[in-house]
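Numbered from 1 within each chain, the chains take letters A, B, ... in sequence-line order.
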Number of protein chains: 2
Amino acid sequence: MVRARYTLDDIRSEALRLVDRDGLAALNMRSLATALGTGPMTLYNYVRDREGLEELVVDAVISAVDLPPPTSDWRRDTIQIATVTWRAVRAHPAAIPLVLTRRSTSAAGFAPAEALIAALRRSALGDRDLLAAFRAILGLIMGSAQAELAGPLTSPPATAKDTAARIGTLAGRNFPHIEALSHVSQKSSPEADFTRGLKMLVTGIAAA
Amino acid sequence: MVRARYTLDDIRSEALRLVDRDGLAALNMRSLATALGTGPMTLYNYVRDREGLEELVVDAVISAVDLPPPTSDWRRDTIQIATVTWRAVRAHPAAIPLVLTRRSTSAAGFAPAEALIAALRRSALGDRDLLAAFRAILGLIMGSAQAELAGPLTSPPATAKDTAARIGTLAGRNFPHIEALSHVSQKSSPEADFTRGLKMLVTGIAAA
DNA sequence: TCCTTGACACGTACGTTGTACGTATGCAAG
DNA sequence: CTTGCATACGTACAACGTACGTGTCAAGGA
């Protein structure tokens with residue numbers, strides 16, 4: 001009888017692949033173990049419990065962030081880092097709930113935050129403003145991902161037409177502003193909106 | 001034999017109470033049913049499945065938002081609405097993962113978004129900027145809640161001293177900027193930081 | 001008054017999940 | 001070859017979500 005050997009990276013990448021392919025509900029000990037060609041309990045040699053497995057997926061997503069080298073323009077750097085991070089999160093829609101709720105524990109998970117603070121520090125901000133700016137930008141990234149996942153301008157598993165219909169009937173009567181904006185949002189790309197909002201925030205930061 | 005009668009509100013408030021008291025893991029059909037004095041299957045008369053139950057909790061949290069009446073100052077209104085919403089979310093920490101990942105389906109869930117757009121519309125923003133601004137503010141609210149829940153400047157179940165120690169040892173070496181900021185964050189209140197970041201964003205919006 | 005009918009509370013039971021615990025197997029060092 | 005440790009693996013159980021069936025109430029018509 002042969003005994004397979006695994007590395008944490010094997011588990012990590014297979015877990016992410018599983019989530020990408022079959023959705024978040026498919027991320028359970030048995031499915032992942034089967035995908036790796038072993039039994040459920042083997043995984044417990046690499047992960048404390050199911051929660052640990054989810055953290056692994058978060059790490060896998062965040063690790064894929066490809067940080068740009070610093071330039072002399074902190075605003076441009078800030079926008080770049082935020083955009084790249086946002087893209088990495090968006091690249092794995094099924095994993096977004098995990099990214100929003102689980103903490104990233106690996107070193108790679110801290111890298112974007114570190115780069116972001118480094119960029120912001122090259123502005124002339126005081127400590128308190130720096131902290132607020134950092135929180136705001138990270139918040140914007142996560143919140144934008146969340147909004148796309150479950151925001152009031154989106155609808156769960158439906159086509160764009162269904163979305164318009166659903167929002168139209170559900171919110172249209174009592175919530176005319178939401179309804180009007182949902183029409184606008186259908187004509188614009190998420191990335192364009194994100195970038196626009198991000199630039200607004202950076203402008204506000206620069207004003208402080 | 002007596003048959004109890006329930007209303008959706010009974011279920012909703014009991015579910016939120018359960019989450020507040022015993023944590024998110026305690027939100028299951030059996031526990032909630034027991035708390036209501038009945039069996040698990042009774043709940044299925046009010047809720048499609050467990051997911052529906054979670055949406056109910058989200059509704060309960062968002063419904064508690066106490067929106068201020070509009071004034072003539074859209075900036076002030078925007079900040080007020082955002083702050084009040086953020087407070088409502090923060091009032092139920094255990095429910096935050098649900099608020100971040102589940103969609104609010106009830107009418108009450110749309111109210112803050114509607115009020116926010118209404119306030120922003122009273123600025124002179126174009127449609128695209130309005131959309132971006134709305135997304136950014138909602139994103140900031142959700143993202144800030146997320147950051148407090150699982151951000152790089154926090155640590156899971158630990159005292160403030162442990163946090164400093166943990167961040168210090170884990171991130172201190174390789175991530176000096178994070179480490180430095182975590183010290184700053186320990187001396188400031190979450191609300192102050194949130195407000196500060198929010199004002200930055202509103203400033204940026206006003207500049208557009 | 002009695003019967004019908006629909007809504008809904010509830011019980012039973014099954015498949016799936018996470019994981020505690022015990023066992024077995026390979027590799028490395030002596 | 002032997003010993004010991006790390007770790008792959010099997011078994012088994014408790015807790016979960018929920019399909020399905022049964023029972024019981026209240027309201028409306030004859």
With a non-hydrogen cut-off below 4.0 angstrom, is A/T38 in contact with a base, only sugar-phosphate, or nothing? sugar-phosphate
Minimum-distance pair of heavy atoms, taken over all atoms of B/T101 and A/A150: O-CB, 3.9 Å
Report yes if a side-chain nitrogen or oxygen of B/Y6 is closer than 4.0 Å to either non-bridging phosphate oxygen (OP1 or OP2) of C/dC10; otherwise report no. yes
Please report the distance, rounded to the nearest Å, between CZ in B/R50 and P in C/dT16. 19 Å
Nearest to the side chain of A/T42, heavy atoms from C-beta on, is which of D/dC9, C/dT19, D/dT18? D/dC9
Among C/dG18, D/dG17, C/dA9, which nucleotide has an atom closest to any side-chain atom of B/R30? D/dG17
I need the CE-P distance between A/M41 and C/dA24, as an integer number of Å. 17 Å
What is the distance, rounded to the nearest whole Å, between atom OH of A/Y46 and atom P of C/dT19? 18 Å
Taking NZ, NE, NH1 and NH2 as the nitrogens, is one of them in B/R87 or B/E191 under 4.0 Å from a carboxylate oxygen of the other? yes
Gap between atoms CG and C1', on B/D49 and C/dT16 respectively (whole Å): 16 Å
From CG of B/N45 across to C1' of D/dT18 the rounded distance in Å is 13 Å
Could A/R122 and A/D77 be called an ion pair, given the rule that one side-chain N must be under 4.0 Å from one carboxylate O? yes
Within the structure shown, what part of the strands sits under 4.0 Å from B/N28 by heavy-atom distance: base, sugar-phosphate, or nothing? sugar-phosphate
Taken to the nearest whole Å, CG/B/L43 to P/D/dA19 is 14 Å
I'd like to check the side-chain contact (heavy atoms from CB on, under 4.5 Å) partners of A/R121; sequence neighbours left out, ordered by chain and number. A/D127, A/L130, B/H177, B/A180
Once you measure the plane-to-plane angle for A/W86 and A/F194, does it fall in the parallel (<30°), tilted (30-60°) or perpendicular (>60°) bin? parallel
Interatomic distance, B/M29 CE vs C/dT17 P [rounded to whole Å]: 18 Å
Please find the pair of heavy atoms, one from A/R128 and one from B/V184, that lie closest to each other, and give the distance. CD-CG1, 4.4 Å
Quick check on contacts: within residues 7-27 of chain B, what sits under 4.0 Å from DNA chain D by heavy-atom distance? none
Using a strict cut-off of less than 4.0 Å between a Lys/Arg side-chain nitrogen and an Asp/Glu carboxylate oxygen, indicate whether B/R102 and B/E54 qualify as a salt bridge. yes
Looking at A/Y44, does any N or O in its side chain come under 4.0 Å of the phosphate oxygens OP1/OP2 on D/dA8? no
When rounded to whole Å, the CG to P distance for the pair A/L36 and D/dC9 reads 10 Å
